[in-house]
Amino acid sequence: MLQGGGQRSLFPQCQYEAENASDLATETRRFPSLGSRDKPEQNADGTTDLYIDPKPPAGKEANWLATAPRRGFFAILRLYGPEEAAVNYS
């Protein structure tokens, strides 16, 4: 999903309730977010896959962001210090 060269400093992804735009509280975390400060595992090519689901995929827990079953949500990915590739979608 994210290429290592696409951002210089950090990225967080946060999830919010679709109904009222508040933080999406889940069974595992009250305010779920996942970002570069959490040190998710990177692929060999420098990209980072994020998994968004109620249950973590086996062996991918470091890159998992929990959702709440049967509740609508939206996600926001913020890039702080993005490089040109992240800005022009290349």
Item to check | Any donor-acceptor N/O pair, D38 side chain to P40 backbone, under 3.5 Å | outcome: no

Item to check | Point-to-point distance, once rounded to the nearest 0.5 Å, from CD1 of I52 to OG1 of T67 | outcome: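 It comes to 8.5 Å.
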
Item to check | Closest non-hydrogen atom pair between W64 and P54, with its separation | outcome: CZ2-O, 3.2 Å

Checklist entry - What closest approach, in Å, do L34 and L50 show between heavy atoms, and which atom pair accounts for it? => result CD2-CD2, 3.5 Å

Checklist entry - Sequence neighbours excluded, which residues qualify as side-chain contact (heavy atoms from CB on, under 4.5 Å) partners of K55? => result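 K55 satisfies side-chain contact (heavy atoms from CB on, under 4.5 Å) with D53 once adjacent residues are dropped.
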
Item to check | E41: side-chain contact (heavy atoms from CB on, under 4.5 Å) partners, not counting sequence neighbours | outcome: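 For E41, the residues satisfying side-chain contact (heavy atoms from CB on, under 4.5 Å) (neighbours in sequence not counted) are A62, N63.
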
